[in-house]
Amino acid sequence: MKVKAVVFDLGKVLVDFDYGIAARKLALQSQAPASEIKAVIDQSPLLFLYEGAQMTTQEFFKAVRERIGFAGRFNEFAAAFADIFTEIPEMTRLQSELRGRGLPTFILSNTNEIAIGHVRRNFPFFSDFTDYIFSFEHGVLKPHEGIYQITEQRSECRGAEILFLDDKPENTEAGVKRGWQTICHKSAEESIGAVWALVG
Ligand SMILES: [Mg+2]
């Protein structure tokens with residue numbers, strides 16, 4: 001079936017990230033060492049609560065501040081927490097080329113308000129998608145089916161009309177269950193070849 005929408009995961013697909021960078025910056029104003037800070041913010045239960053909209057940004061800040069003994073202000077925290085991303089230019093070029101062909105493109109991401117604010121301000125590629133589906137705006141995380149249903153509604157596509165790229169197998173498998181075409185992203189080279197083979 002012809003692909004009518006290409007849905008990209010954000011982290012490790014369009015941008016790389018490293019919470020170690022944030023942990024080292026936060027450590028300069030904290031009682032806890034960087035290694036401990038990283039464990040608090042990187043793919044931690046606290047981060048999942050925040051990205052699943054179980055906590056507000058201020059609640060997340062206060063919870064992290066308490067755990068790591070951070071002495072700075074919210075703005076300093078947010079700047080350090082968010083400045084962890086680097087663009088993957090081969091993949092953002094792919095998105096731009098798909099848009100050039102007239103194909104709608106979407107971002108479907110488990111993410112948070114601080115990260116998205118930072119990415120929106122600093123990465124021009126980010127503004128050029130048809131629409132965005134973020135876990136923190138819907139209170140549901142991949143691979144829960146709810147966020148896939150929302151993506152179908154927003155894209156007005158379903159089943160094999162949707163091509164989805166994500167680096168986590170559990171997330172692509174949830175797409176397969178809905179009949180989506182999926183690519184489990186490992187490298188830009190492989191994903192680009194696979195996308196063009198499906199899109200033609
Ligand atoms: Mg990812």
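Residue indices begin at 1 and follow the sequence shown.
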message: Could you go through Val15 and Thr86, starting from their C-alpha distance and side-chain angles, then the distance that decides it, and tell me whether this counts as side chain to side chain contact (heavy atoms under 4.5 Å, CB included)?
response: CA-CA 5 Å; Val15 294; Thr86 42; over 6 Å; no
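- Comment: Arg178 engages Glu152 in a salt bridge, judged by a side-chain N to carboxylate O separation of less than 4.0 angstrom.
- Ring geometry, Trp180 versus Phe164: the interplanar angle exceeds 60°, so the pair is classed perpendicular (tilted spans 30 to 60°).
- A cation-pi geometry, defined here as NZ or CZ lying under 6.0 Å from the six-membered ring centre and within 45° of its normal, does not hold between Lys142 and Tyr148.
- Ring geometry, Phe126 versus Phe134: the interplanar angle falls under 30°, so the pair is classed parallel (tilted spans 30 to 60°).
- Taking both residues in full, the closest heavy atoms of Leu46 and Ala63 are given as CD1-CB, 4.0 Å, listed atom of the first, atom of the second, then distance.
- Salt-bridge check for Arg99 with Asp128: passed, with a basic side-chain N closer than 4.0 Å to an acidic carboxylate O.
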field: salt bridge (Lys or Arg N to Asp or Glu O under 4.0 Å) evaluation trace for Asp83 with Lys25
entry: CA-CA 10 Å; Asp83 193 10; Lys25 277 190 202 153; 3.4 Å; yes
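- Checking Thr57 against Glu113 by side-chain atom types alone, a donor-acceptor pair falls below 3.5 Å.
- Taken from CG in Leu108 to CG in Asp166, the straight-line distance is 7.0 Å, to the nearest 0.5 Å.
- A distance-only check finds a donor-acceptor pair linking the side chain of Lys12 to the backbone of Phe17 [under 3.5 Å].
- For Phe106 and Phe129, the gap between ring centers reaches or exceeds 6.0 Å.
- How far NE2 of His185 is from OG of Ser191: 4.5 Å, rounded to the nearest 0.5 Å.
- Taking the six-membered ring where tryptophan is involved, the planes of Phe81 and Tyr50 are tilted, since the angle between them lies from 30° to 60°.
- Clustering ILVMFWY residues whenever any of their side-chain heavy atoms sit less than 4.5 angstrom apart, transitively, puts Phe70 in the very cluster that holds Leu49.
- Panel note: side chain Ser135, backbone Gly52; no donor-acceptor pair is recorded below 3.5 Å.
- Remark: the backbone N or O of Val140 is not paired with any side-chain donor or acceptor of His138 at under 3.5 angstrom.
- No side-chain donor-acceptor contact under 3.5 Å links Asn110 and Glu51.
- At distances below 3.5 Å, at least one donor-acceptor pair connects side-chain atoms of Asn122 with backbone N or O atoms of His118.
- Cluster annotation: Ile147 is not connected to Leu141 through the hydrophobic network of ILVMFWY side chains, with a link wherever side-chain heavy atoms come within less than 4.5 Å.
- Rounded to the nearest 0.5 Å, atoms CZ (Arg158) and CD (Gln153) are 8.5 Å apart.
- Between Ser30 and Arg65, the side chains place no donor N or O within less than 3.5 Å of an acceptor N or O (distance only, hydrogens not considered).
- The pair Asp9-Lys168 does not meet the salt-bridge criterion, since no charged nitrogen lies less than 4.0 angstrom from a carboxylate oxygen.
- Cluster membership check: Val199 does not share its hydrophobic cluster with Ile162, using side-chain heavy-atom separations under 4.5 Å among Ile, Leu, Val, Met, Phe, Trp and Tyr.
- Remark: the backbone N or O of Glu170 is not paired with any side-chain donor or acceptor of Glu173 at under 3.5 angstrom.
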query: Ile133 and Ile107: side chain to side chain contact (heavy atoms under 4.5 Å, CB included), yes or no, with the steps?
result: CA-CA 6 Å; Ile133 300 95; Ile107 294 181; over 6 Å; no
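- Checking each of Val7, Val6, Thr182 against Leu165 for a side chain to side chain contact (heavy atoms under 4.5 Å, CB included) leaves exactly one that passes, namely Val6.
- Both Phe74 and Val40 are members of a single hydrophobic cluster when ILVMFWY side chains are connected at heavy-atom separations under 4.5 Å.
- Phe60 is not listed as a side-chain neighbour of Phe136, based on a closest heavy-atom distance of 4.5 Å or more.
- The backbone N or O of Pro33 sits nowhere less than 3.5 Å from a side-chain atom of Glu36 that would complete a donor-acceptor pair.
- Note on Ile41 and Leu10: same hydrophobic cluster, where clusters join Ile, Leu, Val, Met, Phe, Trp and Tyr whose side-chain heavy atoms are under 4.5 Å apart, directly or indirectly.
- Within the model, atoms CG of Leu94 and OG1 of Thr105 stand 9.5 Å from one another, a figure rounded to the nearest 0.5 Å.
- Taking CG of Leu98 as the reference point, atom CZ of Arg93 lies at 12.5 Å (rounded to 0.5 Å).
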- request: Would you check, one step at a time, whether the test side chain to side chain contact (heavy atoms under 4.5 Å, CB included) holds for Leu14 with Ile88?
  value: CA-CA 5 Å; Leu14 295 167; Ile88 304 173; over 6 Å; no
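- Contact check for Thr172 versus Ile183: no side-chain heavy atoms found under the 4.5 Å cut-off.
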- request: Could you please spell out the steps behind the side chain to side chain contact (heavy atoms under 4.5 Å, CB included) verdict for Gln149 and Glu145?
  value: CA-CA 6 Å; Gln149 287 166 352; Glu145 64 177 354; 4.0 Å; yes
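- For the atom pair Ile150 CD1 and Ser155 OG, the distance stands at 11.5 Å (nearest 0.5 Å).
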